[in-house]
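Shown next, in C-alpha cells, is the structure this report addresses.
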Amino acid sequence: MADDCIFCKIIAGEIPSRTVYEDDNVLAFLDVNPLTKGHTLVIPKAHHQTIADLPAGLGEAVFEALYHLTPAVEQAVSADGSNIGVNNGTAAGQEVQHVHAHIVPRFEGDGGGAVHSIIRTMPELTDEEFDDIAAGIRAATD
Ligand code: 5GP
Ligand code: ZN
C-alpha cells in the first residue's frame with residue numbers, strides 16, 4: 001500500500017467506494033465522477049503505477065476481471081457498447097498513480113468519441129519509419 005494513494009485507501013476501506021467486484025487480486029468500483037452511467041474502474045489490489053510495473057500474472061488478473069465485468073456493466077445500465085482504456089503514465093493523462101482500467105459504457109447518440117479522439121494531430125510516417133518502429137517494438141519484446 002502507498003500512503004498517499006487514494007485507490008490504496010479505497011482497498012483498505014479508509015475511503016468508501018461502490019464496489020462491484022472483488023477477488024484476491026483485483027477490485028472494481030464505480031468512478032466517483034462518471035463519464036457515463038456505469039463508469040467503472042478496475043484495479044489491482046497491489047500498488048503499481050503503470051502497466052509496465054505490474055508483476056507477471058497481475059495484468060492477466062486485471063484483464064480477466066475486465067473480461068467478466070464489461071458485459072455485466074453494459075447489461076446493468078443497458079449500454080450499447082463501451083470503451084475500455086488505461087491512462088498509462090502521466091503523459092497519457094493518468095491522474096491517480098495506481099494503475100487502473102476504465103470501463104466507460106456507451107450509448108447510441110451519447111456524443112462521445114472513439115479511442116482515436118484522444119489525439120487530434122496525427123504523425124505522417126514514411127514506410128521506413130513504420131518499419132523502424134515495428135522493428136524497435138519487436139526488439140524490445142522478449
Ligand atoms: P485517471 O485520469 O487517473 O485515469 O482517472 C482517475 C479516475 O479516478 C477519475 O476518473 C476519477 O473520477 C476517479 N477517482 C478519483 N478519486 C476517486 C475516488 O476517491 N473514488 C472513486 N470512486 N473514483 C475516484
Ligand atoms: Zn495505490
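Keep in mind that the numbers below use all heavy atoms, side chains included, and drop hydrogens, waters and symmetry copies. As the structure lists them, so they are numbered: ligands from 1, and atoms in each ligand from 1.
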Discussion item. Hydrophobic clustering (ILVMFWY, side-chain heavy atoms < 4.5 Å, transitive) - are V96 and L27 grouped together?
Written reply: yes
For [atom], which candidate among [options] holds the nearest heavy atom?
atom                    : options            : result
atom 2 (O) of ligand 1  : G93, S17, A92      : G93
atom 17 (C) of ligand 1 : V99, N88, V32, N33 : V32
atom 4 (O) of ligand 1  : E95, R18, H100     : H100

Are the side chains of [Y] and [X] in contact, using a 4.5 Å heavy-atom criterion?
X    : Y   : answer
Q97  : T90 : yes
V42  : Y21 : no
K9   : M1  : yes
H102 : N83 : no
S78  : K37 : no
T50  : V99 : no
L54  : P44 : yes

Worksheet item: Which of the atoms of ligand 1 are close to I10, meaning less than 4.0 Å from one of its heavy atoms?
Response: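 So the atoms of ligand 1 that pass are 20 (N).
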Practice prompt. Find all atoms of ligand 1 within a distance of less than 4.0 Å from any non-hydrogen atom belonging to N87, and give their numbers and elements.
Written response: 1 (P), 2 (O), 4 (O)
In terms of residue, atom name and distance, what is the protein heavy atom nearest to [atom]?
atom                    : result
atom 7 (C) of ligand 1  : D31 OD2, 3.5 Å
atom 22 (N) of ligand 1 : L30 O, 2.9 Å
atom 19 (O) of ligand 1 : I6 CG2, 3.4 Å
atom 15 (C) of ligand 1 : V96 CG2, 4.2 Å

Discussion item. Under 4.0 Å, heavy-atom basis, I'd like to know which part of L35 is in contact with ligand 1: side chain, backbone, both or neither.
Written reply: neither
Worksheet item: Quick one: how many protein N/O/S atoms are under 2.8 Å away from the Zn ion (ligand 2)?
Response: 4
Worksheet item: After noting the C-alpha distance and the side-chain angles of V104 and H39, does the key distance pass the side chain to side chain contact (heavy atoms under 4.5 Å, CB included) rule?
Response: CA-CA 5 Å; V104 182; H39 184 169; 3.9 Å; yes
Worksheet item: What do you reckon, does L41 have a nitrogen or oxygen under 3.5 Å from a nitrogen or oxygen of ligand 1?
Response: no
Practice prompt. Enter the distance from I11:CD1 to E22:CD here, rounded to the nearest 0.5 Å.
Written response: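 If I round to the nearest 0.5 Å, the distance is 9.0 Å.
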Worksheet item: At what distance, to the nearest 0.5 angstrom, does OG1 of T70 lie from CD1 of I84?
Response: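 Output value for this atom pair is 3.5 Å.
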Worksheet item: Counting only heavy atoms not in E128, do more than 12 fall under 6.0 Å of its CD?
Response: no
Worksheet item: Are Q97 and ligand 1 in contact, using a heavy-atom cut-off of under 4.0 Å?
Response: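 Not so, Q97 does not reach ligand 1.
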